[in-house]
Amino acid sequence: MSRLRYIAKRVALSVPVVWLGTTMTWAIIYLGPIDPATRLLSEGQTQNPAAYEAARTQLGLDQPPLQHYFDWMGSLLTFDLGQTWLLYQGSDVNALILDFLPRTLWLGFWSVLIAVCIGVPLGFYAGMRSNTASDYVASMGGIVWRAMPNFWLGIMLLAVLGSSQAIFGFDWQSLWIELDALTGSPDLSRLHTVEGFLAATKKVLPAAIVLGSASMGNEMRIGRTAVLEVRNEDYVDLARAKGVSERALVWKHIFRNALIPLVPIITSEAFLLIGGSVLVETVFSINGIGLLFFNAATQGDLPLVGTLMYVFILLIVGVNLLQDVLYTVIDPRVGLEGA
Amino acid sequence: MSDEPLLSVRDLEVVFHTERERIHAVDGVTFEIREGQTVGLVGESGSGKSVTARSILGLVDEPGRIEGGEILYRGEDLTEDNWADHRGDIAIVFQDPTNSLNPVYTIGNQIEEALRIHQDLRGRAATDRAIELLEDVGIPDAPRRVDEYPHQLSGGMAQRAVIAMALACDPDLLVCDEPTTALDVTIQAQILDLLAELQAEQDLAILFITHDMGVIEDATDWVNVIYAGEVVERAPTEALFDHPAHPYTRALLESIPGRTDPDERLPTIEGEVPTPTGPATDCRFAPRCPEAFEDCRSVAPEHVSLDGDRSAACLLHDPARSDGGERQ
Amino acid sequence: MTAREDPVVSVQSLKTYYHDDSIVGAKPPVRAVDGVDLDIREGETVGLVGESGSGKTTLGRTIIGLADATDGVVEADGQDVTEFDAEQARDWQRRVGMVFQDPEESLNDRMTIGEIVQEPLKAHDWPVLTVAVEGDATVRGSGVRPAEPDETVDLTVGLDGDVTVRDELPLSADAVTAAVDRSGDAPTVDVTVEKSRAEIRRDRAFDLLDRVGLSEQHFYRYPHQFSGGQRQRIGIARALALEPEFVVLDEPVSALDVSVQARIINLLEDLQDEMGLTYLFIAHDLSIVRHIADRVAVMYLGNVVELGPTESVYADPHHPYTVSLLSAIPGSGSPWTGERITLRGSPPNPRDPPAGCPFATRCPAKIRPDDYDLPERTWRALDELRVVFRTRARAEASAAETIKRLIGLDVAGQDLRETVSDLLADHDLPPAAQSTVDAAVELAAGGDDDAAAEQLREAFGSRCDREHPEPYDGGEDRTSQCLRQEAEYDGVAETIRARQEDEP
Amino acid sequence: MAGAHGPSSDAADDEVTPETASTILPTESPTLVWVGLGAGLLAFEVGALATFLVAILSDTLAAASLPGVGFVEGIEAAARQLPTLLSRETVPNEGYWNGQRWVGTFLGLRPEVAWGIRVALVYLYALAVAGWAVLGYRLYRREYRAADWTPRDDVIDRFRNHGWGLFGLAVVFMFVVMAVFAPALGPTTVDKNMRNSYDNELTYWDAETDSVETILVGEANLASQSRGDGEERVGPMEYDDFGRFHPFGTLPTGRDLFTFIAVGSRISLVIGLLSVGLSVGVATSLALIGAYYKGRVDLGMVLVSDGVMAMPQLLLLIMLTTVLKDTWVAGLYSGAFLLALIFAFTGWTYMWRSLRGPALQVSERQWIDAAKSFGQRPRTIMRQHMLPYITGYLLIYGSMTLGGAIIAIAGLSFLGLGVSPPTPEWGRAVNLGQEYVDTGSWHISLIPGLLITLVVTGFNALGDGIRDAIDPRSDAAGSDADDGAAAGRGGGA
């Protein structure tokens with residue numbers, strides 16, 4: 001019961017977080033120094049008072065700020081997100097998000113998976129062999145890997161893949177499954193077929209590796225120290241004393257405990273992924289929600305920026321809740337000691 | 001009781017290598033335990049008693065290393081290679097019960113693990129046996145507790161569970177490293193009772209390590225007093241408390257409040273316990289010893305046999321060096 | 001030991017509860033101190049013993065003002081400490097001192113010993129340098145002020161310009177000049193102190209270090225460079241810096257080795273003699289309390305269950321908990337001559353103490369109801385059974401269990417019947433008792449552990465389970481909270497001995 | 001262990017004799033000598049220092065059209081007049097080949113040698129200053145400090161043996177020196193090469209006409225572009241057709257990449273320091289207050305910071321830079337000041353998150369209770385008893401966050417936001433070179449990227465080193481889990 005109560009408590013606490021985040025977004029956009037209505041109009045139209053007033057009315061800016069705030073929050077709450085202004089002019093925002101979001105999620109899914117599958121085992125390996133040459137190589141690699149800027153790594157990776165024939169002796173683009181181009185959006189409409197799935201995966205693979213690079217380094221590092229910590233616990237000694245084999249010691253007693261500090265790391269990577277998606281989607285020309293956000297911001301569709309920010313906030317809060325659920329699964333102590 | 005001791009530790013040396021120095025945490029410790037016997041190892045913090053306990057089970061961690069001596073279990077020398085074969089013959093209970101149990105597995109799971117290794121019990125049979133063991137160590141409502149996690153138990157209960165886990169290995173020797181220090185006095189009494197009971201039932205030998213002279217007096221048959229990595233006195237418990245032979249033992253007993261008249265000042269030992277950084281060249285207690293004489297500062301005392309199997313490493317008892325001989 | 005003087009501190013029905021700060025799903029508060037009466041008289045040492053979680057440290061902290069009282073009064077000089085505002089509390093804390101348990105933890109290891117010992121002095125801008133003048137004179141001068149009535153006087157100036165300095169101040173009379181000006185209506189005294197406050201403080205720190213057995217050369221060292229015993233001396237010096245009259249010693253020696261312990265205890269006793277201090281000595285080690293305390297208060301679950309002169313309490317304990325504690329002292333240090341009494345289980349959760357006597361769940365001398373005539377071992381089995389139900393009722397069911405129960409699976413029944421039959425295996429219960437037990441088991445199996453526990457309490461409980469005993473006057477300045485003090489019952493010690501014989 | 005550290009002699013009472021001091025400086029008045037050395041070192045570079053400070057001030061004011069610009073410019077001009085030994089004027093590298101020899105370069109050496117000498121001198125000078133500071137510390141430790149041992153000594157000793165931390169320190173040192181001496185390090189200047197390239201002329205040896213010609217710098221740049229292979233590139237360590245030496249090659253615009261990077265490091269450092277300073281300030285005070293009062297105060301802070309953190313930092317940065325683009329703050333120091341503010345606004349939460357754990361831990365220590373027990377005031381307790389324990393963490397997370405900030409700034413400029421052109425920023429160089437990575441002009445993207453990686457690794461290594469030095473056992477999973485939040489954000493941008 002306590003675990004359920006713990007999760008219920010976390011859900012309750014995430015409500016004010018979403019509220020605070022969206023309120024700040026609203027304040028930045030509508031109370032900020034920029035008049036969103038002006039930004040929506042072209043050079044010529046700004047001179048036209050009628051067009052300006054029309055834009056203001058449509059944005060609801062002719063109302064008192066408080067009224068506008070409640071309307072805005074209300075429409076977010078009911079997912080009544082309206083139409084876009086500049087970007088994909090006049091299209092339904094809901095549809096737009098449904099169109100763009102899956103590509104980002106697909107990218108995020110693979111980058112988390114790759115980071116976890118490479119970073120965690122490598123970290124545990126280094127931790128179990130601490131202060132050996134392989135530990136140093138792995139640790140050093142992780143640190144440098146983590147320090148590389150995403151966008152730069154992406155560019156470099158694209159260059160390498162583009163001339164993979166010359167470097168590795170095979171052509172990445174035609175390897176296994178022929179890709180139409182190195183960059184671009186994955187085709188998610190054929191995921192249910194094996195070939196479609198593989199093609200979509202191969203398409204985002206380089207981007208996912210780049211996006212997951214920082215996370216991979218972090219997970220490795222934390223995994224290493226976690227293993228080092230757990231190795232010195234009394235209960236590990238006691239398990240050894242009672243005759244548990246080294247293999248069982250590692251997999252049963254050390255592994256699961258070392259995972260506990262990794263949980264927040266893996267989920268906080270999700271923050272990075274969502275933020276980093278803007279850069280990586282730009283470099284790899286993937287039409288994801290990050291790129292959409294960036295375009296909306298640079299082209300001045302501020303209402304869309306606000307709406308997308310709301311979607312991001314929901315994503316992040318959702319990931320946070322996922323983290324709490326993971327915690328309760330891995331660590332039976334959660335919920336008893338309080339948050 | 002057979003002639004051969006169950007466990008015999010001879011000239012054990014454990015050295016910790018730090019950046020600055022080599023610390024001889026255990027410096028030539030020798031003692032033995034016979035079947036069914038409870039032997040105490042008593043000393044202040046930093047005397048090397050816990051390191052001795054860990055070395056017996058091959059659990060000395062870096063930067064510590066066993067650098068000399070032998071640990072004979074039923075006459076067989078325990079080394080890196082064959083410790084694994086004797087896992088379970090010797091079980092250990094640590095000071096802090098909350099750290100001794102893996103927090104992410106149930107009590108039952110951890111006991112069953114030992115049962116699987118040492119008694120080849122699995123499934124329902126293992127669970128039933130685990131419940132029995134928990135009942136044996138006095139945990140009420142064992143069928144329910146077996147599915148609980150360590151953090152759901154109080155300190156006393158957790159220590160009982162640790163003991164149950166040790167028993168699951170079916171050991172001949174139980175090493176108890178300050179098993180009651182983290183517990184309250186009424187809980188300590190429970191655990192001491194429990195250990196005595198188990199020993200009577202299962203003919204278990206116990207190595208009892210503590211800093212508490214009172215616990216030693218209650219729980220052990222035979223005592224080794226350890227000071228700065230060396231055993232300075234060995235004696236049957238009663239004899240030791242009646243006539244401590246080594247000045248350190250004497251001073252230690254006197255400084256315990258409650259044994260002396262409350263209106264008088266407590267007798268004290270001046271100075272601090274030294275950290276042994278090299279092989280002994282003198283008596284390490286000499287600087288604090290009220291009875292030290294010149295030789296004490298230049299000769300490392302050997303154990304001198306006294307009446308009734310007991311011995312003390314003190315020049316006062318060495319007829320060749322001390323004119324006093326047996327002092328009162 | 002002084003007789004009945006006015007108490008330095010008088011604690012009256014004090015309650016200190018700890019509440020969770022969480023907004024959602026708050027649990028009941030921890031009743032750390034739950035109605036304590038205790039007078040601490042001038043010049044004496046009161047030993048406060050109890051197990052961890054008994055609330056002894058919280059009591060000390062509440063008196064000092066480190067914890068907020070929930071209810072009740074801590075009276076000192078006719079004022080209630082618990083009602084003080086921040087400034088008054090500061091003023092109170094100036095007059096009391098506290099020594100903490102862990103010498104590794106209680107000193108800030110980024111500060112030198114000198115800074116540590118001087119910190120209280122700086123915090124209160126010590127020395128105040130109050131000046132009293134003979135006759136009706138006005139006092140002037142920088143850094144000094146006229147003494148208020150009833151205030152400690154630092155400097156006494158005669159109208160002839162003679163200066164006397166209070167002994168405790170590290171200031172020689174030569175360093176103070178007083179110029180008396182008689183030209184006005186009333187004479188004016190101009191006092192100049194040639195020694196800076198910082199210098200006086202430093203000398204005071206030297207003085208304090210010297211008193212606790214350290215020397216000036218330790219002034220610029222850091223705590224890392226000291227052993228546990230020396231660190232505890234520094235902690236004592238800091239507590240004494242502001243010349244307190246009353247010092248709370250919170251387990252000052254429990255973290256130390258025996259040989260070091262003895263030296264600290266001797267030091268504390270010496271300081272008490274020299275400075276006329278009053279101690280509240282908190283400890284879990286009964287031998288130490290016996291050595292140092294004039295009176296002892298035994299705490300259990302937030303209550304002082306027994307209070308009295310140490311020797312008298314140790315020789316003839318009135319409360320069964322005191323008896324159990326004394327008998328649990330290992331080795332020959334125990335004053336209890338009989339067989340050791342081993343208490344069952346651990347103290348109840350202070351969030352949810354028993355309704356009657358707090359010790360009822362573990363008491364070896366508990367009053368039995370007259371309804372049944374059962375052998376002692378059967379009573380014990382029944383007691384244990386009640387603890388099982390109580391624990392089950394309080395335990396949080398796991399998520400899996402909750403779900404199983406929701407879909408109507410029998411989760412607890414099997415386990416429970418097993419446990420109950422194990423517990424009562426070789427006891428003959430009268431049919432009435434047996435049916436009560438069976439009914440309770442069925443209730444619990446149905447998921448209502450609370451009702452089951454309640455049913456057993458109704459059937460097998462006694463006065464001890466219903467009534468919170470008031471302190472009984474046991475004569476010789478002693479009180480104890482046990483119903484067996486009433487004339488109709490047998491005494492505690494004889495009951496325990498009789499029961500021990502009853503059950504081999 | 002009593003007296004385990006340091007000698008048992010008492011530093012307070014023993015006067016330090018000249019003999020003991022002579023191990024540091026062979027003189028009877030080491031302090032005077034030390035001050036003299038300092039003055040000497042300062043004299044070398046007083047001009048550069050003044051120019052550096054005034055330049056930042058005037059850059060800040062210039063775009064903002066605030067009053068006082070003229071005044072500052074006056075000072076700037078005056079500062080330029082101050083003698084500076086290691087300036088481009090003293091060791092010039094810009095000259096031309098007149099058919100027989102190099103004209104206008106230092107001692108008539110080839111430009112690359114002259115430039116190399118200047119760079120070497122600058123770094124030598126910086127090393128000397130660092131050495132002087134270390135000497136000062138040791139002098140203080142020997143002569144003026146009353147305690148013969150402090151816990152900080154151990155920290156420093158441990159750091160000195162921490163190879164990885166020292167590597168970090170070295171990298172950070174190189175980077176900081178590059179930022180501070182940026183104008184003296186570049187083969188040319190931003191003003192001449194980029195900002196006002198059409199106002200400046202350049203003399204060169206025209207191989208076709210066999211004569212010395214003059215050309216506008218802007219036009220020369222057009223002919224030195226790197227946009228592909230062979231003739232279309234000026235790679236690292238190459239001369240262009242106008243006798244200009246380019247240590248890192250040229251940009252696609254023909255401008256000098258090294259100058260671009262050197263000046264770019266300055267803006268990265270300024271934004272980084274400013275933003276980390278601000279967020280450290282906010283985070284520290286909040287962490288202290290939250291840890292001292294706990295309970296609801298702390299919970300409130302958790303909610304607010306969660307609210308800010310729920311907006312992904314880079315997205316928040318994009319949103320804020322867009323919204324604030326046209327305000328006057330955005331003009332300050334080419335937008336760097338605004339960027340620093342935004343970073344601080346979005347970054348304090350991560351810093352606070354990382355500090356909260358240690359602060360709560362310290363607040364549980366008994367010495368806090370001890371201080372409360374004698375009525376110490378909350379403010380003093382926070383300052384004296386809690387702050388010293390989290391300054392270590394401040395350094396660790398500060399160092400790592402700085403690395404993260406450098407990546408994030410680069411990321412923004414890569415997207416065309418943030419620092420406004422033509423002020424150089426590393427990320428923009430990566431962006432500019434993006435198209436040419438698989439051509440002969442690979443250097444444009446590769447070099448700044450490698451440098452970012454190196455510098456960020458350096459800052460992280462420094463953080464690691466400080467952590468290990470402060471507490472050798474602190475390699476705890478818990479504290480690392482926290483720093484993941486602070487350090488990891490770099491990768492996200």
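Below, each value reflects all heavy atoms present in this structure, side chains not excepted, and no hydrogens, waters or symmetry copies. Below, read A as the first sequence line, B as the second, and so on, with proteins coming before strands; counting in each chain starts at 1.
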message: Taking A/Val244's backbone N and O only, do any of them form a donor-acceptor pair with B/Arg87's side chain (distance below 3.5 Å, no angle check)?
response: no

query: At a heavy-atom separation under 4.5 Å, does B/His118 approach chain A through its side chain, its backbone, both, or neither?
result: side chain

task: Return yes if a side-chain donor-acceptor contact under 3.5 Å exists between B/Asn102 and A/Asn257, otherwise no.
output: yes

- prompt: Can you check whether B/Leu59 reaches A/Leu238 side chain to side chain, under 4.5 Å on heavy atoms?
  reply: no

- prompt: Taking the side chain as C-beta and beyond, is there a heavy-atom pair between B/Pro103 and A/Tyr235 under 4.5 Å?
  reply: yes

query: Can you say whether B/Asn109 sits under 4.5 Å from chain A via the side chain, the backbone, both, or neither, judging by heavy atoms?
result: both

task: Examine whether an atom of B/Gln110 lies under 4.5 Å from a heavy atom of chain A, and if so say whether it belongs to the side chain, the backbone or both; otherwise answer neither.
output: both

- line: Scored by heavy-atom pairs under 4.5 Å with chain B, the best of A/Glu233, A/Arg240, A/Glu246 is A/Arg240

statement: Turns out that what part of B/Val175 lies under 4.5 Å from chain A's heavy atoms comes down to neither

message: Rounded to the nearest 0.5 Å, what separates atom CZ in B/Arg54 from atom CG in A/Asp237?
response: 4.5 Å

Toward chain A, the part of B/Ile117 with a non-hydrogen atom under 4.5 Å: side chain

task: Tell me yes or no: between the side chains of A/His253 and B/Glu113, is some donor less than 3.5 Å from an acceptor?
output: yes

statement: B/Tyr105 and A/Arg256 have their tightest heavy-atom pair at CE2-NH1, 3.6 Å

- request: Quick one: pull up CD1 in B/Ile111 and NZ in A/Lys242 and give me the separation to the nearest 0.5 Å.
  value: 8.0 Å

